Amino acid sequence: MNKTITIDGKTIPFEDGQTIMAAATAADVYIPHLCHHPELSPHGSCKLCTVKVNGRNCSACTFPAAEGQDVLNNTKEINDDRQKITQMLFVEGNHFCPSCEKTGNCQLQAVAYHLNMLDNHFPLFYPKREMDASHPDVMIDHNRCIFCTLCVRASQQHDGKDVFAISGRGINKHLIVNAQSGLLKDTDLDMNDKAAHVCPTGAILIKRTGYQVPIGQRLYDHHEIDQVSLVTENPHHGE
Amino acid sequence: MQVFIENLAASHNYQPTRLMLILRAIQDRYHYIPEPAIRQLAGLLKIPGTQIIGVIEFYSFFHLTPRGQYELLISDSITDHMLGKHNLMAYLSAKLQVAVGAVRSDGLVSLDNMSCSGLCDQGPAGLVNGYALTRLDRPRIDLITDLINQQKPLDKWPGELFQVNDNLIKSGLLLDDPIAPGDALRAAFKRGLQETLAEITQSGLRGRGGAGYTTGWKWHLCYEGPEENAFCDVDAQKQLQRYVICNADEGEPGTFKDRVLLSSYAHQVFEGMTVCAAIVGATEGFLYLRGEYLFLYDKLQAILAERRQADLLGGNILGKGIAFDIEICLGAGAYICGEESALIESLEGKMGIPRNRPPYPVTQGYLGKPTVVNNVETFMAAASIAVNGGNGFANMGTEKSKGTKILSISGDCSQPGIYEYPFGATIQTILNDCGADDVLGVQIGGPSGTFISNQELGRKLAFEDLATGGSFIIFNNSRNILDIVHNFTHFFAHESCGFCTPCRVGTSLLKQQLDKIVDGHGSAGDIVALEELCQLVKSNSHCGLGQTAANPILTTLERYPELYQSQLKKISYEPGFDLDGALETARRMAQRNDAAAHLEQIGEDHE
């Protein structure tokens, strides 16, 4: 007999060792997320995937599914909190969608639309952050980094390198690269590395590809992130 | 420097887990961690340089740029403030001719703030090159300034500057009756190890760090190990490496009881760890000592050496064929490392970021192995129970909180210091004993705990009423509650590890939003916004730090709503920035300063 949990009243099967996120994705149930990627180890830092498991808040991307769990995911209360958390990510950095090359392809922007975020709500921090355009093929715009560590994990776990890391504490957290100069050009990053393509915002961009796809024809211009996410993350989507 | 680093790494067997101790030695010698040292270490320890930079930037006591040869840090705890820290810091800064947060131009001295130094009973306090300075006042600062300007080495400074007193005022079950070294181990071996575990479980002892998990259960779970091992045979079970860690990272502002326990009862604490190790089957243990207690380090090492000499540690403890030894690791200024999984990360040579749970440390802790992490006081109590059995302990306290609790009492009272009470004691009793009158309120359990008003002094010290890891700060009626909340809220923003969004951004937003109200810029909606933000941070944060960071605001807002209201302006809203100020550049460019070139801040007088 298959083991199951319920998410918003719907019965969802799971296998031992699966997280709530993995079980949900396999069953075509979208749980908003930014720091989670099915091919990389779970991190649990963005907290957008917070769900209520038997009344207690848990990160769906790290919390193991277990028999008898009653999970609340798509409720007004939870989505309100997710919207506020997304707003936090917007105000701590410098995210100006209209002038960002990633607009329309940006997961942060798409999840914000999905959660019906219409303003920043919180005061902007306007942090002073630098650009690193030293690498011939890849650039970092630190203004847009949300510390999800996807590039860190992709470099370690997929590319077999150690190009990126997050340093600092608290609100002073920042992305650093593994080079004596501190510059991307002196790392062993290659533009074909997964780490160069995994950024959910416009913090890591491939050079000379800007605006090749016009605004209006981009991924999230025509599809909501919940649909895109399930298509790309569930190999058995729609079956 | 190259030779120094090479020798240093060699002395730590090139183990990346020793990164904290290695960096401490480099910081100590060069007053920062130079870039070439990072590269060299990365090669020697075979870890990415980014991991080393990450650790340096995470901990307050490590620096990438040079600090002074004399690095002065002054404790910024609320108790230091109450003892006149502000004036003293200004005096110190003027006297030494160095700004707070800066290094003097000759490189001789640097000055900065630090989080609570654990010397609230003898503040204002601070550190010079890591060593605790107590009872700072103007004459002492004059003396310190002279010593620094004469470049006197620290070991030539007068000892009274570094004198740390125990201030043990009221003792009870544990403090009255310390065990003799070896007694708990002998009793445990005589009774049987599993029987001793049963005594500890039966005593009802719960973790003394604040969370209150049943100690016997924790040890039992560690002994059992992870689920996949549950069915393997007993011999295989025994071969599984396990660890025992004593959490001496007491960073909760207002707590200093572990300082006293380690200063005067260290044998008993180490013995409790050893009993635990014998029971769960661990051969290695760690004391994670907060960096602020560097002054205890040599003394504790000497006690460990004594215990090895007496066969109370080492390869064959009391001839019973059981091996266990203890290493001391020093923290480096990070409150978050008091959280057990962050502490384990730190012990592994990493940034102190709390892990995702499950798995819990009892099954996958240090280096992924089953690990018991307990507070200093918990091990001390366990040693006492091993000698005396669980009954006496279980007969004290309340139904859900057995035994006694050791408190660190500071603030407005005539006798700050260490007090031991059976659980169930009322706050009023405690206040009477320590000479507190005209009480406004008491912060119980530190900033992450609860602020109670003088209408609640009949409440009890207990897990089921007012739980505390030991911090007990008293405020009299001359104190301003908003100053207290301001200090605590800034503390959490400073100490947030930054891992999760709600705490990283939320603690900074809490600070801003509170400051806005305290500074008199708040308007009607701001208290509601503050309360919403508190709930958001509390319910969505990754660990206890974020989950409790809003407590100072929430517990005072609940008790003193009118205090917050009285700070508000009588307008519907105030813009987030100065409208008129924003026009300044435009006025300058247009060379105008007439009335039409100015804007009123909206609504100021339009109620």
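Lettering of chains follows the sequences in order, A, B, ..., and the numbering in each one begins at 1. Nothing here was measured: the structure is a model prediction, and the numbers come from that model.
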Practice item. Considering only heavy atoms and a distance below 4.5 Å, find which of G168(A), C35(A), A165(A) pairs most often with chain B. Key: G168(A)

Point to revise | Least distance between heavy atoms, P502(B) atom then C46(A) atom | key: CD-O, 4.4 Å

Less than 4.5 Å to any heavy atom of chain A: does that hold for the side chain of [X], its backbone, both, or neither?
X       : value
L533(B) : side chain
I56(B)  : neither
A42(B)  : neither

Could you list each N or O donor-acceptor pair linking chain B to chain A at a distance under 3.5 Å?
from: E35(B); atom 1: OE1; to: Q180(A); atom 2: NE2; distance (Å): 3.3
from: I53(B); atom 1: O; to: S167(A); atom 2: OG; distance (Å): 3.4
from: E57(B); atom 1: OE1; to: S167(A); atom 2: OG; distance (Å): 2.5
from: E57(B); atom 1: OE1; to: H174(A); atom 2: NE2; distance (Å): 2.7
from: F58(B); atom 1: O; to: R169(A); atom 2: NH1; distance (Å): 3.1
from: S60(B); atom 1: OG; to: R169(A); atom 2: NH2; distance (Å): 3.2
from: G333(B); atom 1: O; to: R169(A); atom 2: NH1; distance (Å): 3.0
from: N356(B); atom 1: ND2; to: H43(A); atom 2: O; distance (Å): 2.9
from: H494(B); atom 1: O; to: R169(A); atom 2: NE; distance (Å): 3.4
from: H494(B); atom 1: O; to: R169(A); atom 2: NH2; distance (Å): 3.2
from: E495(B); atom 1: OE1; to: R169(A); atom 2: NH2; distance (Å): 3.2
from: S496(B); atom 1: O; to: G170(A); atom 2: N; distance (Å): 3.1
from: C497(B); atom 1: O; to: G170(A); atom 2: N; distance (Å): 3.0
from: C497(B); atom 1: O; to: K173(A); atom 2: NZ; distance (Å): 2.9
from: T501(B); atom 1: N; to: S45(A); atom 2: O; distance (Å): 3.1
from: T501(B); atom 1: OG1; to: C46(A); atom 2: O; distance (Å): 3.0
from: R504(B); atom 1: NE; to: E92(A); atom 2: OE1; distance (Å): 3.0
from: R504(B); atom 1: NE; to: E92(A); atom 2: OE2; distance (Å): 3.3
from: R504(B); atom 1: NH2; to: E92(A); atom 2: OE2; distance (Å): 2.6
from: S539(B); atom 1: O; to: N57(A); atom 2: ND2; distance (Å): 2.6
from: N540(B); atom 1: ND2; to: D81(A); atom 2: OD2; distance (Å): 3.0
from: H542(B); atom 1: ND1; to: K47(A); atom 2: NZ; distance (Å): 3.1

**Study point:** Which atoms of I146(A) approach chain B - backbone, side chain, both or neither, heavy atom under 4.5 Å
**Key:** backbone

Exercise for review: Please state whether the side chain, the backbone, both or neither of I166(A) comes within less than 4.5 Å of a heavy atom of chain B.
Suggested key: backbone

Exercise for review: Just give me the residue among A334(B), G54(B), C503(B) that pairs up with chain A most often, heavy atom to heavy atom, under 4.5 Å.
Suggested key: G54(B)

Review point. If you count heavy-atom pairs under 4.5 Å with chain A, which of G506(B), C500(B), A529(B), A493(B) comes out on top?
Key: C500(B)

